[in-house]
Structure formats: C-alpha cells, structure tokens
Amino acid sequence: MTADPIRRPAHLRPALIAWVVAGGAVGSTLRSQIATAFPTSPGHWPWTTFLINVSGALLLGLLLELLSMLAPSERLRAPLQLGIGTGVIGGYTTYSSFAVETISLGAGGAVWVAAGYALVSVVAGLLAAGAAMWAVRRVLGPRRGVAR
C-alpha cells in the first residue's frame with residue numbers, strides 16, 4: 001500500500017521538488033540579470049545585493065501571509081510555498097553574495113562599513129517581511145482560521 005502523498009515529507013515528493021527547481025531557475029536568472037545590469041564597485045556598499053535581499057524578504061513575507069490566509073489546504077499551499085517561496089524567492093535572494101560582499105568590505109579595511117552592511121541588511125529584511133505581513137492582514141482583515 002502506498003502512503004498518502006500529502007502525508008509524505010516534501011523532500012520525498014517529486015512534484016514538489018520540481019516546483020522548487022523550476023522556481024529556483026527563474027529566481028536565480030532574475031537575480032543574475034539584475035546583478036549584471038547594476039554591478040557593485042569593489043569597496044562600496046553593495047546596493048544591488050542589499051536591494052535584492054530586502055525586496056526578497058518583503059516578497060516572502062507577502063507570499064507567506066497571503067498563503068496562510070487564503071490557501072486553506074496543504075495540497076494548494078505546498079506547491080505555491082515551495083515553488084515561489086523556496087524556489088523563485090530563494091533563488092532571487094542571495095546569502096552567498098551577501099556574505100562575500102560583507103567579508104570583502106571588511107578585508108578592504110572598511111570593517112565598520114561591513115558590520116553596518118550586515119546589520120542593516122538583516123534588520124531591513126526583517127522589517128520588510130514584517131511590513132508585508134502587516135499590509136496583507138490590514139488589507140484582507142482578520143485571519144480566516146488557517147493554521148500556520
């Protein structure tokens with residue numbers, strides 16, 4: 001007897017893995033195009049990565065709050081959360097570039113700038129995600145009883 005596919009962990013469900021892979025290809029391509037169009041000069045604040053990561057946090061907060069309020073079933077929520085959230089937004093945002101640019105700033109002698117960049121990036125991302133979640137609740141009203 002085969003286990004109910006909805007009960008199997010996401011990493012054992014080929015369709016969900018495909019959503020993540022496809023979304024990741026889209027998000028990574030978008031990030032690459034933006035980074036190519038707006039390169040960061042060595043030793044300067046990495047505005048492109050900063051804006052990509054903060055906008056990604058905002059989009060993720062928006063997506064997750066919308067899904068928690070509007071997608072009542074796991075069967076609908078999982079592909080969207082994994083395909084768009086983990087795939088597209090995960091591919092779009094870039095922790096690796098953030099880490100490399102932070103280290104490069106510090107190694108270039110701008111230790112306080114590197115520390116500021118790291119702190120401001122994390123705080124701005126948290127604020128962006130929180131603002132997006134607040135905005136969704138404000139527009140759509142109280143929770144509709146969907147468990148998180």
Side-chain angles (χ1 to χ4, degrees), residues 6-11 13 15-108 110-148:
I6 198 71
R7 302 254 186 248
R8 290 172 50 207
H11 70 279
R13 294 164 54 191
L16 294 180
I17 294 169
W19 279 106
V20 174
V21 170
V26 170
S28 297
T29 300
L30 180 59
R31 174 181 31 86
S32 176
Q33 294 296 316
I34 293 170
T36 300
F38 303 99
T40 298
S41 300
H44 291 88
W45 186 279
W47 284 107
T48 303
T49 300
F50 176 79
L51 293 173
I52 285 171
N53 286 342
V54 172
S55 65
L58 182 127
L59 292 170
L60 189 59
L62 182 71
L63 173 71
L64 294 180
E65 195 64 25
L66 282 170
L67 290 176
S68 75
M69 294 181 79
L70 300 177
S73 77
E74 169 71 13
R75 200 173 296 275
L76 175 62
R77 215 175 26 250
L80 293 171
Q81 185 173 334
L82 291 169
I84 298 171
T86 304
V88 176
I89 298 171
Y92 170 69
T93 58
T94 172
Y95 180 78
S96 58
S97 293
F98 164 73
V100 167
E101 290 166 345
T102 301
I103 290 168
S104 294
L105 282 170
V111 175
W112 289 108
V113 174
Y117 172 62
L119 180 64
V120 170
S121 292
V122 171
V123 170
L126 287 170
L127 290 173
M133 295 168 79
W134 174 85
V136 168
R137 286 191 302 271
R138 183 91 171 144
V139 169
L140 295 182
R143 295 201 178 273
R144 306 207 173 164
V146 176
R148 284 187 164 224

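For this chain, numbers begin at 1 and follow the sequence in order.
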side-chain contact (heavy atoms from CB on, under 4.5 Å) evaluation trace for Leu70 with Leu140: CA-CA 9 Å; Leu70 300 177; Leu140 295 182; 4.0 Å; yes
Test side-chain contact (heavy atoms from CB on, under 4.5 Å) on Thr40 and Phe50 and set out the steps. CA-CA 11 Å; Thr40 298; Phe50 176 79; over 6 Å; no
With side-chain contact (heavy atoms from CB on, under 4.5 Å) as the test, would you mind laying out the steps for Thr93 and Phe98 before giving the verdict? CA-CA 9 Å; Thr93 58; Phe98 164 73; over 6 Å; no
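A pairwise comparison of heavy atoms in Leu62 and Ala132 identifies N-CB, 3.5 Å as the closest pair. When all heavy atoms of Arg77 and Ala71 are compared, the closest pair comes out as NH1-O, 2.6 Å. Closest non-hydrogen pair, Ile89 versus Gly56, comes out as CG2-O, 3.5 Å. Leu60 and Gly85 make their closest contact through CD1-CA, 3.9 Å (heavy atoms, listed as atom of the first residue, atom of the second, distance). For Ala78 against Arg13, the heavy-atom pair with the smallest separation is CB-NH2, 4.5 Å. Among all heavy-atom pairs drawn from Arg31 and Tyr92, the shortest one is CD-O, 3.0 Å.
Ser97 has its side chain out of reach of Asn53: every pair of non-hydrogen atoms, C-beta onward, lies at least 4.5 Å apart. When side chains are defined from C-beta on, Ile52 does not count as touching Phe38, because their heavy atoms never get closer than 4.5 Å.
A donor-acceptor contact shorter than 3.5 Å is absent between the side chain of Ser104 and the backbone of Glu101. The backbone N or O of Ser28 sits nowhere less than 3.5 Å from a side-chain atom of Ser32 that would complete a donor-acceptor pair.
Between the CG atom in Leu105 and the CH2 atom in Trp45 there is a gap of 8.5 Å [rounded to 0.5 Å]. To the nearest 0.5 Å, the span separating CG on Leu58 from CG on Leu63 amounts to 11.5 Å. To the nearest 0.5 angstrom, Thr102 atom OG1 is 8.0 Å from Tyr95 atom OH. The line from CG of Leu66 to CD of Gln81 is 12.0 Å long, rounded to the nearest 0.5 Å.
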